[in-house]
Amino acid sequence: MERVLKYQAIESYMLQELSCGRFALNGRFFSEHDIARQFEVTILTARKAFARLERQGYIVRQRGRGTFVKALPEQPQRLKMIRRCIIGIVVDDGDFDNDLKLGRMIAALHRTIEKAGYLSLLVGRDFKVLAEAEASGVIVLDRIGEQRVRQLICTGIPAVGMYPACSGLPRLSFNFAEAAGRIAGRFARSGACRVAMVGEGEDALAVRNLFEKEMALAAKAYGMELAIAVPPIGSVREEFAALLDGPRRPEAVFVMNSRSLDTVSGVLHEKGVQMGRDISILVNGSNALLIPGSPGYSIIDLDIGLAAENCVKLLQRLISDPQVEVPCIVSPYGPIIERGSLLPESAASGS
């Protein structure tokens, strides 16, 4: 692949955007400052690319107003292949066709990486393809284990993790305190006095570790009791059943992951407890959308689009200076999606 100078890469990108229908004739075009931020170059480099397009008659710059489209390419333009313009996306090997959340995250990363001017490459266990493709950086989506993290670090390619569980790598941080506050507030408005965190398996333990402190503080702020049934080993069935049979039975349950829902729904059925009528059920993770139920499971999950954007920004900073101390980027959680498993908000609580 031919090595292309930065301003040439920007020119190629803008020509491609002009030819793909993104901009209308006489419409407003990119600004120099937007492009400079996107490609992390100086305003002078961006201005040089704009000047080349202006000389070719594609754009016109008007002082005080901005840049506008003067003409469109007659033929579709393709982005030039640039040496070291690839970002790898690492997922664990296996069939993830039915993993809604992972699929959405991969799609969001593909779009964000392309928007940033890179190409994306999906990678499993074989990190050699990253070296062969001369990847500029890597984003890890799964918990891939310490050994594989070390292998990735040994490639010398800048890498970041999209999950807090990607230990050993610079990674995004998520605003668990804000999310816990919204969860506790929603439960409190439905009249709940007692809430439980419930789940089983490695994923559930990881989510518990992330949310436990914040949920405890949020529950206390709303005057609610918090119980936890997330055993480190074995099934949660007995612990959850004991909570439902006990004198301090929870009126609301925050389920750590969708994989715990079979057990949770089984115990509810055994005890004759109906979600949405007798108890509120809120699940962490959008994979719960795949599980049929009447009523459906309400969910909360991270804002996948913003997480993808923040992850790419984090990686770009690392690419530009591998020795830099990578700043912490806090990514938000999305809204609570109500699908009928939450008790109606209490009129008395809302007054």
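Here, residue 1 is the first one in the sequence, and each next residue gets the next number.
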Participant: Return the CD to CG distance between Q151 and D126, rounded to the nearest 0.5 Å.
Facilitator: 10.0 Å
Participant: Salt-bridge test for R237 and E270: reply yes if a basic N is under 4.0 Å from a carboxylate O, no otherwise.
Facilitator: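 So R237 pairs with E270 through a salt bridge.
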Participant: Just verifying a value: how many Å separate I337 CD1 and D301 CG, rounded to the nearest 0.5 Å?
Facilitator: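 Nearest 0.5 Å value for the CD1-CG distance: 8.0 Å.
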Participant: Quick one: does L169's side chain get under 4.5 Å of V138's, heavy atoms only?
Facilitator: no
Participant: Answer yes if the side chains of E345 and S190 hold a donor-acceptor pair under 3.5 Å, and no otherwise.
Facilitator: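 No.
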Participant: So do the side chains of D303 and S331 get within less than 4.5 Å of each other, counting heavy atoms only?
Facilitator: no
Participant: Could you go through the side chain to side chain contact (heavy atoms under 4.5 Å, CB included) check for V267 and L244 one step at a time?
Facilitator: CA-CA 9 Å; V267 174; L244 294 181; 3.7 Å; yes
Participant: Any side-chain heavy atom of L152 within less than 4.5 Å of one from L130?
Facilitator: yes
Participant: I want to check something: taking the side chain as every heavy atom from C-beta on, are Y58 and F29 in contact at a cut-off of under 4.5 Å?
Facilitator: no
Participant: Run the salt bridge (charged side-chain N to carboxylate O under 4.0 Å, His left out) test against R55 and tell me which residues pass, sequence neighbours left out.
Facilitator: none
Participant: Please check if any side-chain donor atom of S120 sits under 3.5 Å from a side-chain acceptor atom of E114, or the reverse.
Facilitator: no
Participant: Between atom NZ of K313 and atom CD of E40, what is the distance when rounded to the nearest 0.5 Å?
Facilitator: 10.0 Å
Participant: Apart from F68 itself, what residues make up its hydrophobic cluster when side-chain heavy atoms of I, L, V, M, F, W and Y under 4.5 Å apart count as a link, directly or indirectly?
Facilitator: V60
Participant: Would you say R28 and T67 are linked by a side-chain donor-acceptor pair, where the criterion is simply a distance under 3.5 Å?
Facilitator: no
Participant: Output, in order, the C-alpha distance, side-chain angles, deciding distance and verdict of side-chain hydrogen bond (donor to acceptor under 3.5 Å, both in side chains) for Q56 and E11.
Facilitator: CA-CA 11 Å; Q56 296 172 62; E11 177 193 0; 2.8 Å; yes
Participant: Between F254 and F211, is a ring pair (Phe, Tyr, Trp, His ring centres under 6.0 Å) present by the stated rule, with each step listed?
Facilitator: CA-CA 10 Å; F254 180 33; F211 268 102; 5.3 Å; yes
Participant: For F50 and F30: C-alpha separation, side-chain torsions, deciding distance, then whether ring pair (Phe, Tyr, Trp, His ring centres under 6.0 Å) applies.
Facilitator: CA-CA 9 Å; F50 274 75; F30 293 117; 7.5 Å; no
Participant: Could you walk me through whether T112 and E309 satisfy the side-chain hydrogen bond (donor to acceptor under 3.5 Å, both in side chains) test, starting with their C-alpha distance in whole Å, then the side-chain angles of each, then the deciding distance to 0.1 Å, before giving a yes or no?
Facilitator: CA-CA 6 Å; T112 308; E309 291 178 12; 5.4 Å; no
Participant: Would one find more than 12 heavy atoms of other residues, nucleotides or ligands at under 6.0 Å from atom CD of Q62?
Facilitator: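 Yes, because the 6.0 Å sphere around CD of Q62 holds more than 12 heavy atoms from other groups.
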Participant: Same hydrophobic cluster for V198 and L343, using side-chain heavy-atom links shorter than 4.5 Å among ILVMFWY?
Facilitator: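 Different clusters.
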Participant: Is there side-chain contact between R171 and M162, with heavy atoms separated by less than 4.5 Å?
Facilitator: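 Of all side-chain heavy-atom pairs linking M162 with R171, none is under 4.5 Å.
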Participant: Would you check if V253 and F240 make a side-chain contact, meaning some heavy-atom pair closer than 4.5 Å?
Facilitator: yes
Participant: One thing to verify: whether R61 and E32 come together as a salt bridge, which I'm taking to mean a side-chain N less than 4.0 angstrom from a carboxylate O.
Facilitator: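 The answer is yes: the pair qualifies as a salt bridge.
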Participant: Hydrophobic cluster membership, with links at side-chain heavy-atom distances under 4.5 Å among I/L/V/M/F/W/Y: are I336 and L306 in one?
Facilitator: no
Participant: Would you indicate whether the side-chain heavy atoms of Y297 and L261 approach each other to under 4.5 Å?
Facilitator: yes
Participant: Are V129 and V149 connected, step by step, through hydrophobic side chains (Ile, Leu, Val, Met, Phe, Trp, Tyr) whose heavy atoms are closer than 4.5 Å?
Facilitator: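 V129 clusters together with V149.
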Participant: What do the steps show when you test Y222 against F187 for ring pair (Phe, Tyr, Trp, His ring centres under 6.0 Å), and what is the final call?
Facilitator: CA-CA 9 Å; Y222 283 98; F187 287 158; over 10 Å; no
Participant: Taking atom types as modelled and ignoring hydrogens, do the side chains of T42 and T45 form a donor-acceptor contact shorter than 3.5 angstrom?
Facilitator: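 Looking only at side-chain atoms, T45 and T42 do form a donor-acceptor pair, the distance falling under 3.5 Å.
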Participant: Given side chains that start at C-beta, do those of R148 and V140 come closer than 4.5 Å, heavy atoms only?
Facilitator: no
Participant: Which heavy atom of L205 sits nearest to which heavy atom of P231, and what is that distance?
Facilitator: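 What the structure gives for the nearest pair is CD2-O, 4.0 Å.
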Participant: Could you state whether F39 and I43 fall into the same hydrophobic cluster, counting links through intermediate Ile, Leu, Val, Met, Phe, Trp or Tyr residues with side-chain heavy atoms under 4.5 angstrom apart?
Facilitator: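 Different hydrophobic clusters.
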Participant: Hydrophobic cluster membership, with links at side-chain heavy-atom distances under 4.5 Å among I/L/V/M/F/W/Y: are V330 and Y333 in one?
Facilitator: no
